[in-house]
Engineer: 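Just passing along the structure, written as structure tokens.
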Amino acid sequence: MQRPRARFGTRAARLPIRRRSRRFLWLWSVLLLVLLAIAFYGSARYRLGIDTQARVSLAPYRVFLVDTWQGPEEITQGDLVAFRAQGLAPWFRDGRLLIKHAAGVPGDWVTVDPEHTWVNGMRMADGLALAETLKQDPAIFLRHERVPVEHFWMLGETADSFDSRYWGFLPQSQVVGKAYALF
């Protein structure tokens with residue numbers, strides 16, 4: 001005897017409507033839970049850093065992804081680091097997120113002279129362009145010292161970047177995480 005043919009041709013079409021609705025609802029619920037888990041993980045770990053200054057110190061980038069789970073112990077020389085400003089008024093209010101290069105890590109030797117900034121004998125920056133703007137004698141910024149334990153020497157990429165040349169070493173306690181340039 002021949003079996004009767006299904007009217008709609010697919011197995012899903014032969015299932016009762018109520019059963020198809022439950023399966024559809026279950027799949028969308030699982031998908032929603034997965035998306036919520038990803039969003040929660042992303043918002044717990046990552047932050048966006050946006051440079052709103054008229055003149056950027058890490059040109060050509062203005063938007064950065066900050067990984068808050070990569071702390072000070074994972075930072076090496078040259079990494080982009082996000083940190084909270086503290087005591088940098090009137091340039092930056094306390095708590096403002098800043099991003100600079102970790103040019104010097106604990107144990108490195110930093111030398112600032114009127115023409116250049118050196119870290120372990122490598123030229124890292126030129127001049128003290130902001131000394132005049134700060135109404136300070138450039139001689140007060142000259143130094144030759146070792147980066148202390150639990151501190152970093154931070155530099156921007158432009159000659160007029162307000163960085164460690166003017167405010168000294170950054171304590172690790174102010175570090176938010178590693179930063180990655182997006183665009």
Side-chain angles (χ1 to χ4, degrees), residues 43-120 122-183:
S43 67
R45 181 170 184 168
Y46 298 103
R47 301 279 183 272
L48 274 182
I50 301 172
D51 189 350
T52 58
Q53 300 177 97
R55 189 167 159 88
V56 232
S57 67
L58 295 170
Y61 302 103
R62 285 193 175 268
V63 180
F64 300 87
L65 182 68
V66 178
D67 186 347
T68 62
W69 289 7
Q70 289 187 323
E73 56 282 343
E74 296 168 356
I75 294 171
T76 59
Q77 187 180 35
D79 286 344
L80 280 174
V81 177
F83 60 96
R84 296 280 177 203
Q86 193 167 344
L88 301 180
W91 291 86
F92 301 109
R93 71 184 183 333
D94 283 354
R96 179 162 180 193
L97 185 69
L98 300 176
I99 298 173
K100 305 264 185 217
H101 285 284
V105 295
D108 287 347
W109 281 98
V110 174
T111 303
V112 178
D113 62 38
E115 289 83 34
H116 307 291
T117 297
W118 308 82
V119 177
N120 295 331
M122 293 177 46
R123 192 168 99 191
M124 302 298 263
D126 295 325
L128 294 166
L130 289 181
E132 187 177 318
T133 306
L134 294 169
K135 297 180 173 114
Q136 299 288 331
D137 178 10
I140 69 167
F141 300 114
L142 305 183
R143 65 175 74 212
H144 177 73
E145 54 190 331
R146 188 174 285 239
V147 179
V149 174
E150 298 186 359
H151 287 77
F152 295 106
W153 182 261
M154 309 303 291
L155 289 175
E157 291 180 351
T158 59
D160 63 347
S161 175
F162 188 57
D163 50 34
S164 286
R165 290 175 285 181
Y166 306 101
W167 41 262
F169 300 109
L170 174 76
Q172 285 183 358
S173 60
Q174 290 176 238
V175 171
V176 174
K178 276 188 177 182
Y180 301 92
L182 296 179
F183 50 91

Engineer: Quick one: closest heavy-atom pair of Gly127 and Arg165, and the distance?
Structural biologist: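 Taking every non-hydrogen atom into account, O-NH1, 3.1 Å.
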
Engineer: Examine distances only and state if a side-chain atom of Gln77 and a backbone atom of Ala103 form a donor-acceptor pair shorter than 3.5 Å.
Structural biologist: yes

Engineer: Give a yes or no on whether the backbone of Arg84 and the side-chain of Gln174 come within a donor-acceptor separation of less than 3.5 Å.
Structural biologist: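 Flag set: sc Gln174 to bb Arg84 pair under 3.5 Å.
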
Engineer: Which pair of heavy atoms, one from Asp126 and one from Ala159, lies closest together, and at what distance?
Structural biologist: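 For Asp126 versus Ala159, the nearest heavy atoms are O-CB, 4.0 Å.
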
Engineer: Would you say the side-chain atoms of Asn120 pair up with the backbone N or O of Trp109, donor to acceptor, closer than 3.5 Å?
Structural biologist: yes

Engineer: So among Gln172, Arg96, Met154, which one has a side chain to side chain contact (heavy atoms under 4.5 Å, CB included) with Phe83?
Structural biologist: Met154

Engineer: Minimum heavy-atom separation for Phe169 to Arg143, with atom names?
Structural biologist: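 Smallest interatomic distance, heavy atoms only, reads CE1-NH1, 3.9 Å.
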
Engineer: Is a donor on one side and an acceptor on the other found under 3.5 Å between the side chain of Asp113 and the backbone of Leu142?
Structural biologist: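 Between the backbone of Leu142 and the side chain of Asp113 there is no qualifying donor-acceptor contact (under 3.5 Å).
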
Engineer: List the residues meeting side chain to side chain contact (heavy atoms under 4.5 Å, CB included) with Glu157, not counting sequence neighbours, and say none if there are none.
Structural biologist: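 Glu157 satisfies side chain to side chain contact (heavy atoms under 4.5 Å, CB included) with Leu58, His101 only.
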
Engineer: Quick check against the 3.5 Å criterion: does Arg62 have a side-chain atom that pairs as donor or acceptor with the backbone of Asp51?
Structural biologist: yes

Engineer: Applying side chain to side chain contact (heavy atoms under 4.5 Å, CB included), can you list everything that pairs with Glu74, at least two apart in sequence or on another chain?
Structural biologist: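 Once residues adjacent in sequence are excluded, the partners of Glu74 under the side chain to side chain contact (heavy atoms under 4.5 Å, CB included) criterion are Gln70.
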
Engineer: Give a yes or no answer on whether the side chain of Asp79 reaches the backbone of Val81 with a donor-acceptor pair at less than 3.5 Å.
Structural biologist: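 Side chain of Asp79 to backbone of Val81, a donor-acceptor pair under 3.5 Å: no, none is there.
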
Engineer: Return each pair, listed once, that meets salt bridge (charged side-chain N to carboxylate O under 4.0 Å, His left out) where at least one residue sits in residues 98-112; pairs must be two or more places apart or across chains.
Structural biologist: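 Counting only pairs at least two positions apart or across chains, no salt bridge (charged side-chain N to carboxylate O under 4.0 Å, His left out) contact touches residues 98-112.
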
Engineer: Indicate the atoms forming the closest heavy-atom contact of Ala102 with Phe152, along with that distance.
Structural biologist: CB-CD2, 4.4 Å

